Amino acid sequence: MKNAYTTLAASKDSFVHKHNLTIKVLTSLRSNLQTHRAKLKSDTDERLKYYDGYIVALKARTDQEFAAILEHLGVKTDEHIGETLAAMHTASAKARQEMMDNIPVHEKVMQGVYGSYAEALGEIRTKDAEIQKNFADRYGIDMKEIFDEYYKADPNAPSDGGEPAGEPKPEANDDDLLG
């Protein structure tokens with residue numbers, strides 16, 4: 001019985017010892033896990049701060065690069081506008097100079113046109129005078145007097161038919177090709 005009691009006591013001591021050891025190991029593990037968790041959290045917070053700072057720096061750099069690109073584009077646009085305005089001014093001045101240079105040529109052309117017009121008008125008047133003379137010789141009617149009276153007459157005055165002369169009604173004849 002003594003052996004049994006000794007064995008039982010030894011096993012109780014062993015159990016308590018193992019239990020205490022397990023508790024110490026678990027407590028140590030828990031402590032280590034808390035330490036690791038705190039380190040990890042601290043590391044994560046530092047990394048988050050670093051990334052936030054990096055993002056801000058990247059945004060600032062991107063903004064600066066974008067502003068530089070816009071400034072470059074603005075300068076190029078201004079240069080292009082300047083070149084365009086200079087070209088327009090040059091073309092306008094060139095066109096104005098060509099127009100001024102062409103004035104004598106244009107005057108000569110117009111003198112020729114007016115001269116040929118005057119010659120043609122003179123020929124028409126000569127032919128018209130001949131036609132009037134031939135008409136007067138053939139039929140004994142002076143056309144000049146008829147036309148002078150026609151152009152001097154009031155177009156709104158009533159004629160023999162009592163209708164105003166402003167709107168003559170066309171007569172329908174069999175010989176009329178246009179009717």
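Here the structure is a predicted model, which means the values were calculated and not measured.
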Nearest-0.5 Å distance, [atom1] of residue [X] to [atom2] of residue [Y]:
X      : Y      : atom1 : atom2 : value
Leu26  : Leu33  : CG    : CG    : 10.0 Å
Ile55  : Tyr51  : CD1   : OH    : 10.0 Å
Ile103 : Met99  : CD1   : CE    : 6.0 Å
Arg37  : Arg30  : CZ    : CZ    : 10.5 Å
Leu21  : Ser28  : CG    : OG    : 10.5 Å
Ile131 : Thr126 : CD1   : OG1   : 11.0 Å

Checklist entry - So, does Thr90 use its side chain to make a donor-acceptor pair with the main chain of Ala86 at under 3.5 Å? => result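 Yes, because the side chain of Thr90 sits within donor-acceptor range (under 3.5 Å) of the backbone of Ala86.
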Checklist entry - Backbone N or O of Ala38 within a donor-acceptor pair of the Ser42 side chain at under 3.5 Å? => result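 Absent.
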Salt bridge flag under 4.0 Å for residues [X] and [Y]:
X     : Y     : answer
Lys76 : Glu79 : yes
Asp43 : Arg47 : yes
Lys59 : Asp63 : yes

Next on the checklist: Looking at Met110, I want to see if its CE is surrounded by more than 12 non-hydrogen atoms of other residues, nucleotides or ligands under 6.0 Å.
Outcome noted: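 Above 12, so yes.
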Next on the checklist: Evaluate Ile81 against Leu85 for side chain to side chain contact (heavy atoms under 4.5 Å, CB included), listing each step before the verdict.
Outcome noted: CA-CA 6 Å; Ile81 289 171; Leu85 289 175; 3.9 Å; yes
Checklist entry - Under 3.5 Å, is there a donor-acceptor pair between the Asp101 and Gln97 side chains? => result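 The answer is yes; a qualifying pair exists.
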Checklist entry - Knowing that exactly one of Thr22, Thr27, Leu29 qualifies, which makes a side chain to side chain contact (heavy atoms under 4.5 Å, CB included) with Val25? => result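 Exactly one option meets the side chain to side chain contact (heavy atoms under 4.5 Å, CB included) with Val25, and it is Leu29.
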Checklist entry - Which ILVMFWY residues can you reach from Ile69 by hopping between side chains whose heavy atoms are under 4.5 Å apart? => result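 Listed partners: Leu73.
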Item to check | Derivation of the salt bridge (Lys or Arg N to Asp or Glu O under 4.0 Å) call for Glu123 and Lys127 | outcome: CA-CA 6 Å; Glu123 291 174 7; Lys127 288 180 183 177; 5.4 Å; no
